[in-house]
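Worksheet: one structure, shown below.
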Amino acid sequence: MATININNNLFEIVDTIEKMTIADSFVARSNKIGGGNGEAKFYVGNENAETRAFFGENGFHLNCFLLKKDLKEFLLNSEGEYKNPEQPYQRKENLPALWQERMNTIEQLDEVLHFTLIEQTQIAGPRIYVKAPDNDPIYKLIREISLPNISYLSAIKLIDPNGNFIFYFKPFVDYFGEYENPFVIEEEIKILEEEELPTEVKTQLLRARKGQGKYRQALLEECPFCPITLISDDRLLIASHIKPWVKSDDYEKIDPKNGFMLTPTYDLLFDRGFISFSNDKKIIISPWLSKMTCSKLSISPEKQYPMLPTAGRENYLEYHRNNIFKG
């Protein structure tokens, strides 16, 4: 069984629920788009064998935890939306100040934050809801920092060193299918356009943002197929940066060593940090992918891809493993 190390404690991984979307009805009133005060109950999935196998029998009580570092990461990833909202929040003018206030609150917390979730058996129907005991501060914090529609929770079911089940929850941000906030991308492009660089250089840097231009051409010459699927039809290949374009300097933005040619599914997995690679060409799979998803993708831990070009990419891959990979 796979394991995960959390604060120097080793846990066995049972399985993962990949995405539970946080709806407008759940978030705190300060973050809402629609009316009402928000509901404390949270929808975790439909009534079926898979959901029951993960959470437990009817009336379950779950011992759960969050990590302080995950909450900070979530706020950093959602900073663009807090400070330049894309959605029509009722109180959008308050969100920039709330971002800093909530970051300050999180800074004062312990590294591991425990809470309890209880199934709401009084709610009839095929949908399963949970709720924490009244006034639980950690559960309340989840509702306060989450932004509707673009926030979601993932959960890993673990076995602790004493043999007990415990559930590790982590919040993520998804900008309607994009990892980065549109405003952040626009600002990065604006800064680049204002730099005193030759027009041709700017054009190549901007094209590299989309995996186009000389960057794509040079990468195709070095890596003319997806090393995972071995597909060589360049219409189906994406020039994927290892160290993200927005985090790279001008040289790294167009360096073909800072990239792989990947088919769309694996490009998305790599870009979002659900997979990474070791320098010896082995795949590393995030625990935030469920066993079922891995099976459907035909990926397994430590599988080696001999055609993966890693020479000259060691530093970029190290950055990806340390900063992008969801470990």
Side-chain angles (χ1 to χ4, degrees), residues 16-48 51-52 54-56 58-68 70-82 85-92 94-99 101-103 105-106 109 113-157 167-177 181 288:
T16 302
I17 292 286
E18 293 162 335
K19 189 172 186 180
M20 296 171 282
T21 300
I22 294 177
D24 189 57
S25 59
F26 175 75
V27 302
R29 186 175 184 181
S30 58
N31 305 0
K32 290 182 66 61
I33 295 172
N37 295 321
E39 302 173 344
K41 67 178 186 295
F42 180 67
Y43 167 66
V44 298
N46 283 336
E47 176 70 65
N48 56 48
T51 307
R52 282 295 168 197
F54 187 85
F55 288 112
N58 187 271
F60 59 74
H61 285 56
L62 309 181
N63 293 320
C64 311
F65 68 90
L66 295 162
L67 297 181
K68 174 181 175 177
D70 292 340
L71 298 181
K72 290 175 65 176
E73 179 184 353
F74 173 84
L75 275 184
L76 288 172
N77 289 337
S78 59
E79 182 178 7
E81 180 67 9
Y82 264 93
E86 292 279 318
Q87 300 188 92
Y89 304 96
Q90 286 192 355
R91 303 179 181 185
K92 63 192 303 181
N94 296 334
L95 287 177
L98 285 174
W99 183 90
E101 178 183 310
R102 288 163 181 172
M103 182 62 84
T105 296
I106 290 170
L109 298 175
L113 308 166
H114 293 273
F115 63 104
T116 302
L117 288 179
I118 304 169
E119 183 180 2
Q120 300 302 285
T121 54
Q122 78 280 7
I123 300 175
R127 294 164 66 88
I128 298 176
Y129 289 90
V130 297
K131 184 180 176 183
D134 290 343
N135 299 317
D136 182 286
I138 304 306
Y139 189 72
K140 181 182 178 183
L141 182 60
I142 297 172
R143 298 182 62 206
E144 288 178 346
I145 67 172
S146 299
L147 300 175
N149 303 318
I150 64 170
S151 304
Y152 68 94
L153 287 172
S154 293
I156 304 179
K157 185 177 183 178
F167 294 77
Y168 172 18
F169 280 79
K170 182 175 180 177
F172 292 99
V173 180
D174 186 325
Y175 291 103
F176 303 104
N181 180 280
W288 300 102

Atom pair CD/CG of Q87 and N149 - distance to nearest 0.5 Å: 4.5 Å
Residues forming a ring pair (Phe, Tyr, Trp, His ring centres under 6.0 Å) with F172, sequence neighbours excluded: Y152, W288
Whether D24 side chain and G34 backbone form a donor-acceptor pair below 3.5 Å: yes
Verdict with reasoning, R91 to L98, per side chain to side chain contact (heavy atoms under 4.5 Å, CB included): CA-CA 11 Å; R91 303 179 181 185; L98 285 174; over 6 Å; no
Over all atoms of both residues, closest heavy-atom pair of Y89 and N31: CD2-O, 3.1 Å
F60 side chain near I128 side chain, heavy-atom distance below 4.5 Å: yes
Distance (rounded to the nearest 0.5 Å) between I22 CD1 and L153 CG: 4.0 Å
For the student: nearest non-hydrogen atoms of P148 and A23, plus distance: CB-C, 4.2 Å
Side-chain heavy atoms of L75 within contact of I106, under 4.5 Å: yes
Backbone N/O of E79 and side chain of E81: donor-acceptor pair under 3.5 Å: no
Value rounded to 0.5 Å, distance of CG in L141 from CG in D136: 10.0 Å
Side-chain heavy-atom pair D174, K19 within 4.5 angstrom cut-off: yes
Where F169 and L117 come nearest, the two heavy atoms and their spacing: CZ-CD1, 3.6 Å
Side-chain touch P133/T116, heavy atoms, less than 4.5 angstrom: yes
Closest approach of V130 to Q120 (non-hydrogen atoms, all atoms of both residues): C-CG, 3.9 Å
Partner set under side-chain contact (heavy atoms from CB on, under 4.5 Å) for N46, not counting sequence neighbours: Y43, N48, R127
Heavy-atom closest pair, residues F167 and K157: CE2-CG, 3.6 Å
Pair I118-K131, side chain to side chain contact (heavy atoms under 4.5 Å, CB included): steps then yes or no: CA-CA 5 Å; I118 304 169; K131 184 180 176 183; 5.8 Å; no
NE2 (H61) with more than 12 external heavy atoms under 6.0 Å: no
Atom NZ of K92: over 12 foreign heavy atoms under 6.0 Å: yes
Set of residues satisfying ring pair (Phe, Tyr, Trp, His ring centres under 6.0 Å) with respect to F74, sequence neighbours excluded: none
Residues R102 and S30: side-chain donor-acceptor under 3.5 angstrom: yes
Side-chain heavy-atom pair E119, L62 within 4.5 angstrom cut-off: no
P171 to L66 - nearest heavy-atom pair and separation: CD-CD2, 4.3 Å
is_close_aromatic(F26, Y139), centroid dist under 6.0 Å: yes
